[in-house]
Amino acid sequence: ERERIVVQRVAPGAVPVASATVETTTTATGAPVLVYPESQPGPCPPMQCPSPDLACLTTITGWRTDLGNAQRLADRHAGRIYWLTDSQSWLVWDGRRYRRDSGELVMQAAQETVTSIYLEAANCEDSSERVKLAAYATSCEREGKLRASISLARAQSSVMAKSDQFDIEPHLLNVLNGTLNLSTGEMQPHNTADRLTRLVACDYNPDAACPTWDWFLDRIMDGNTDLIEYLRRAVGYSLTGSTQEHCLFMLHGTGANGKSTFTETLCDLFGEYAMHTQFSTWAASDRGEATHEVAALAGARLVVSNEAE
């Protein structure tokens with residue numbers, strides 16, 4: 001038994017951006033296999049959305065499998081979900097940055113993808129096919145089918161990535177109202193192309209005043225304007241992801257002189273760019289390789305360790 005299947009990807013309201021026609025037949029076990037005509041010896045090349053901000057509709061008449069749903073999920077959310085093959089975790093775009101997801105956000109994406117199958121059904125000209133596809137969409141709302149599509153989507157090339165492909169630009173700082181270019185001082189809209197995974201949980205306002213902070217610095221530095229200016233440069237440098245200065249800042253002194261207040265305030269300000277670690281993290285390793293503690297600091301810009309003996 002052979003059935004002709006038209007596979008095409010189209011953007012809503014637009015003509016197909018690519019298509020291919022193949023045939024299927026069944027093996028002795030009843031499993032369907034694709035049979036390509038001689039003029040087309042293999043699968044058509046990957047077809048991409050014309051714009052990462054334009055949701056693609058994958059119309060697969062007859063492709064009603066978990067793998068088909070995984071492809072739908074990868075197509076509709078291309079550029080918005082990534083499976084990190086090295087850390088075995090999902091990143092999902094939340095409008096400001098790629099957020100590490102324990103499963104809830106990618107499940108929402110899978111649910112949205114299943115509801116889109118009803119749109120595929122609505123676009124079917126053949127009434128019997130329309131009914132079948134709508135029925136298939138209903139069957140895909142089961143939890144098992146949703147989880148299967150997520151699991152298989154991990155192997156889709158459009159969503160596979162590695163951790164070192166994110167947070168690459170050291171002079172981009174992500175804040176609530178956009179992304180600040182620390183090299184130019186210019187603000188730009190949040191953009192998936194920047195591939196940022198961290199966020200400072202406040203707006204950037206270049207005209208903001210901080211009289212309490214200024215008073216605090218003046219008090220703990222005993223009015224030494226040179227030291228205050230040095231601290232400002234140190235904090236500004238720490239906002240970047242640059243390590244070209246090869247420097248480590250150490251605060252020392254007796255108790256109750258503002259060290260903890262200073263570092264904890266910075267950690268609150270830096271938000272997801274800040275981390276804490278034990279001072280022993282910086283101890284030399286006899287094995288000459290990074291420890292798990294050091295590896296866990298990847299992407300952090302401010303790391304605070306307290307109370308070195």
Taking atom CG of L302 and atom OH of Y237, what is their separation to the nearest 0.5 Å?
12.5 Å
If we check side-chain hydrogen bond (donor to acceptor under 3.5 Å, both in side chains) with E272, which of these qualifies: R97, R301, R198, R99?
R97
Answer yes or no: is there a side-chain heavy-atom contact under 4.5 Å between T179 and L173?
no
Looking at N191 and A193, what are the two nearest heavy atoms and their distance?
OD1-N, 2.9 Å
Taking every heavy atom of C124 against every heavy atom of R130, the minimum-distance pair comes out as O-NH1, 2.5 Å
Using the ring centroid of each side chain, check whether W213 and F262 are separated by less than 6.0 Å.
yes
L231 vs L217 side-chain heavy atoms within contact, under 4.5 Å
yes
Non-hydrogen atoms of S163 and S87 that approach each other most closely:
OG-OG, 4.0 Å
Rounded to the nearest 0.5 Å, what separates atom CZ in R195 from atom OH in Y82?
4.0 Å
Check L146 against A110 and note the closest heavy-atom contact, atom names and distance.
CD2-O, 3.7 Å
Kindly indicate whether the side chain of Q108, heavy atoms from C-beta on, has any atom under 4.5 Å from the side chain of E112.
no
Tell me whether the count of non-hydrogen atoms from other residues, nucleotides or ligands lying under 6.0 Å of CD in Q188 goes above 12.
yes
Are I150 and Y98 connected in the hydrophobic side-chain network, where two residues link if heavy atoms are under 4.5 Å apart?
no
Would you sort out whether L105 and W90 count as a side-chain contact (heavy atoms from CB on, under 4.5 Å), showing the intermediate values?
CA-CA 9 Å; L105 295 177; W90 285 101; over 6 Å; no
Does the distance from a Lys or Arg side-chain N to an Asp or Glu carboxylate O, for E129 and R64, drop under 4.0 Å?
yes
May I have the step-by-step check of side-chain contact (heavy atoms from CB on, under 4.5 Å) for Y273 and V200, ending in yes or no?
CA-CA 7 Å; Y273 287 95; V200 174; 3.7 Å; yes
I'd like to know if the side chain of T113 and the backbone of A109 have a donor-acceptor N/O pair within less than 3.5 Å.
yes
Is L248 reachable from F270 through a run of I, L, V, M, F, W or Y residues, each pair having side-chain heavy atoms under 4.5 Å apart?
no
What's the separation between atom CG in N123 and atom OH in Y118, rounded to the nearest 0.5 Å?
15.0 Å
Is M221 linked to V235 within one hydrophobic cluster, defined over Ile, Leu, Val, Met, Phe, Trp and Tyr using a side-chain heavy-atom separation of less than 4.5 Å?
yes
Looking only at atom types and distance, does a side-chain atom of S139 sit under 3.5 Å from a main-chain N or O of Y136, one as donor and one as acceptor?
yes
Does some side-chain heavy atom of L266 sit less than 4.5 Å from a side-chain heavy atom of T263?
no
Euclidean distance, S89 OG relative to L91 CG, rounded to 0.5 Å:
6.0 Å
Indicate yes or no for a side-chain donor-acceptor contact from N174 to the backbone of R96 under 3.5 Å, with no hydrogens or angles considered.
yes
Salt bridge between E141 and K145, side-chain N to carboxylate O under 4.0 Å?
no
Could you state the interatomic distance from OG (S149) to CG (L73), rounded to the nearest 0.5 Å?
5.5 Å
Test of understanding: clusters of I, L, V, M, F, W, Y form through side-chain heavy atoms closer than 4.5 Å, transitively. Do I81 and V114 belong to the same one?
yes
Linking I/L/V/M/F/W/Y whenever any side-chain heavy atoms sit under 4.5 Å apart, do V159 and L84 land together?
no
CA sep, side-chain torsions, deciding dist, call: L176, Y204, side-chain contact (heavy atoms from CB on, under 4.5 Å):
CA-CA 7 Å; L176 289 179; Y204 171 66; over 6 Å; no
Identify the two heavy atoms, one from L133 and one from A121, that lie closest to each other, and give their separation to 0.1 Å.
CD2-N, 3.5 Å
Compute whether any side-chain donor of one residue and acceptor of the other, for T243 and E245, lie under 3.5 angstrom apart.
no
Got T261 and F216 here, is their nearest side-chain heavy-atom distance under 4.5 Å?
yes
Around atom CD of Q88, are there more than 12 heavy atoms from other residues, nucleotides or ligands closer than 6.0 Å?
yes
Quick check: does any side chain N or O of S305 sit under 3.5 Å from a backbone N or O of T277, one acting as donor and the other as acceptor?
yes
Walk me through it: do E169 and N181 pass the test side-chain contact (heavy atoms from CB on, under 4.5 Å)?
CA-CA 10 Å; E169 175 49 60; N181 188 319; over 6 Å; no
Does D222, at its CG atom, have more than 12 non-hydrogen atoms belonging to other residues, nucleotides or ligands within less than 6.0 Å?
no
Tell me whether T138 contacts the main-chain N or O of A134 through its side chain, where contact means a donor paired with an acceptor under 3.5 Å.
yes
Any chance you could measure D167, atom CG, to T197, atom OG1, to the nearest 0.5 Å?
3.5 Å
Lys/Arg-Asp/Glu bridge criterion (N-O < 4.0 Å) met for R232, D214
yes
Smallest separation among heavy atoms of I117 and C140, with atom names:
CD1-SG, 4.4 Å
Quick one: does any side-chain atom of D101 pair with a main-chain N or O of E104 as donor and acceptor, under 3.5 Å?
yes
Quick one: does any side-chain atom of H190 pair with a main-chain N or O of G178 as donor and acceptor, under 3.5 Å?
yes
Quiz question: by atom type and distance under 3.5 Å, do the side chains of Y230 and N224 form a donor-acceptor pair?
no
Contact check, side chains of H276 and E264, non-hydrogen atoms, under 4.5 Å
yes
